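Report on one structure; see the data block that follows.
Chain A is the first sequence line, chain B the second, and so forth, proteins listed ahead of strands; every chain is numbered from 1. All of these numbers come straight from a predicted model, not from anything done at the bench.
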2 protein chains.
Amino acid sequence: MTKPLAKSAISQKRVLDAAARIFRDYGYAGATMRVIAEEAGLKAGSLYYHYKSKDELISAVLDLGMNAAIEAMQTALAALPAEATGRQRLEVAFRTHVATIIANGDYSLATSRVYGQVPEAIRIQHQKLRDPYGLMWREILTTAQKRGEFRADANLTLARLLILGALNWTAEWFKPGSRSIDDVASGFAAIVMDGLAVPGGGSSG
Amino acid sequence: MTKPLAKSAISQKRVLDAAARIFRDYGYAGATMRVIAEEAGLKAGSLYYHYKSKDELISAVLDLGMNAAIEAMQTALAALPAEATGRQRLEVAFRTHVATIIANGDYSLATSRVYGQVPEAIRIQHQKLRDPYGLMWREILTTAQKRGEFRADANLTLARLLILGALNWTAEWFKPGSRSIDDVASGFAAIVMDGLAVPGGGSSG
DNA sequence: GGGTTTTTCTAACTATTGTTCGGTTTTGCT
DNA sequence: AGCAAAACCGAACAATAGTTAGAAAAACCC
């Protein structure tokens, strides 16, 4: 009764990693316990020693991906100096989000692809984790606007939806090796901050 | 042997619409023929009178959604005057894309959610439809840059990926009634063209 | 080594899956 | 009306789904 977790935790992570890959490739219903087990090097029945149902398994995958993203973002933002500009904070947020998505690619893709198909009870539960993440972004944007770094008339809600959509989509196309994470993050930041148009070119709206 | 299609086409569309909704909500494997049939007001066996397999059904859903998007975009761009600016063309493209996604919401969401989980043969086939759509966007951006309307150093590949990611994501959050399609499109266009930052504020990159 | 706990396997159970097919109803036409 | 085609149903098929339970193996501790 001391701590029999250390050994089990390894297997549990191996199962979770396998599940993330299979859920990502086959969706919630298409990912069968037998295929997940094979990917993890076990037989189907053995999965139930670690997770007591398929639903509990997908919940664990969803939560781990989201928690990793939240944690990375909080750490990165906390490491910034207090006098960091809104642009700097936004750039760090971009970089952190993309880096997290790439590092946990299996979980990120599994989450974004499977989220809409999971049983409602699981989705509602998981949504509680997602909300604070959205709030972090909202805070970054509104603070920068209050400081006068962003246009006063900029629609920050739309901006946030644009940013999160674009960033989450990176998981679908980013291939390590061709472009670096920093290139993507700073490229995105440049567009969102300064736009594509040449300054002072045409009229707006 | 004249034209027995007219009547059948109605039922076929009814089946297709139902399939789009069910695929969107349950994913490729999770959408069962029986549930799709019920949504369409039939029994499972009757589906096979209209589509000879589940794979053919999902293929039809994917293709219809994509074709509608391509067609709408071509029509909208062709309707523009030849002297339209790059900004105007981009704004029209934004508006058209969002409008199409909202109008065909079931198909759009089904497509974007299910695309990654569909059998490989179907995905490869469908990809042929997707490529020309990406080319249309590429052309809009490069033309505007050649004309000197966009920054010469702007990374248009990243811009295109950002735009498509953000636009496709709208299908997930857009709720008719609260915000208008035009508001979203022009809001997105404003950010992508001019950025969030106040002009001449800080230094870039 | 023996004894215990942790981990995995095997074999099964029921429910449900995509699909088929012969029969039945509906429709369109004259 | 009557006939033929079109559209649908009902019941079944083999395959596979999630899950369970008990036996077997592996790992651990003394």
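- Neither OP1 nor OP2 of dT16(C) sits under 4.0 Å from any side-chain N or O of T32(B).
- The OH-P distance, from Y26(A) to dT17(C), rounds to 20 Å in whole Å.
- At a threshold of 4.5 Å between non-hydrogen side-chain atoms, the residues I140(A) and L77(A) count as touching.
- Atom-to-atom, OH of Y51(B) to C1' of dA7(D) comes out at 15 Å; the value is rounded to the nearest Å.
- Ring-centre distance between W169(B) and F174(B): not below the 6.0 Å cut-off.
- With a 4.5 Å cut-off on side-chain heavy atoms, R160(B) and T142(B) do not count as touching.
- In the helix from dA15(C)-dT16(D) to dT30(C)-dA1(D), the rotation axis of the first five pairs and that of the last five pairs differ in direction by 20°, rounded to 10 degrees.
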* Would you give a per-nucleotide map of nucleotides 19-25 of chain C, 5' to 3', where B means the base has a protein non-hydrogen atom under 4.0 Å away, S means only the sugar-phosphate does, and - means neither? => BB-----
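- Contact of the L80(B) side chain with the R89(B) side chain is registered, since non-hydrogen atoms from C-beta on lie closer than 4.5 Å.
- For CD of E56(A), the number of neighbouring non-hydrogen atoms (other residues, nucleotides, ligands) closer than 6.0 Å is greater than 12.
- E56(A) places its CD atom 10 Å from the P atom of dT19(D), with the value rounded to the nearest Å.
- Counting all heavy atoms, side chain and backbone alike, D194(B) lies closest to R87(B) at OD1-NH2, 2.7 Å.
- Taking only side-chain atoms of Y49(A), from C-beta outward, the nucleotide of dT7(C), dC8(D), dA6(D) with the closest atom is dT7(C).
- Atom CD1 of I36(A) is separated from atom P of dA17(D) by 11 Å (rounded to the nearest Å).
- Rounded to whole angstrom, the span from the CG atom of L47(B) across to the P atom of dG10(D) amounts to 14 Å.
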Donor-acceptor contacts under 3.5 Å from residues 19-26 of chain B side chains, at least two apart:
unit_1, atom_1, unit_2, atom_2, d
R21(B), NE, E39(B), OE2, 2.6
R21(B), NH2, E39(B), OE2, 3.3
R24(B), NH2, D106(B), OD1, 3.3

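- With hydrogens and angles disregarded, no donor-acceptor distance shorter than 3.5 Å links the side chain of N104(A) to the backbone of Y107(A).
- No engagement by A40(A) is indicated, since no non-hydrogen atom pair under 4.0 Å with the nucleic acid exists.
- The phosphate of dT7(C) (OP1 or OP2) has no side-chain N or O of R14(A) nearer than 4.0 angstrom.
- For the pair W173(B) and L164(A), the minimum side-chain heavy-atom distance is 4.5 Å or more.
- Rounded to whole angstrom, the span from the NZ atom of K43(A) across to the C1' atom of dG22(D) amounts to 17 Å.
- Regarding contacts with the backbone of dC8(D), a side-chain N or O of H50(B) is found under 4.0 angstrom from either OP1 or OP2.
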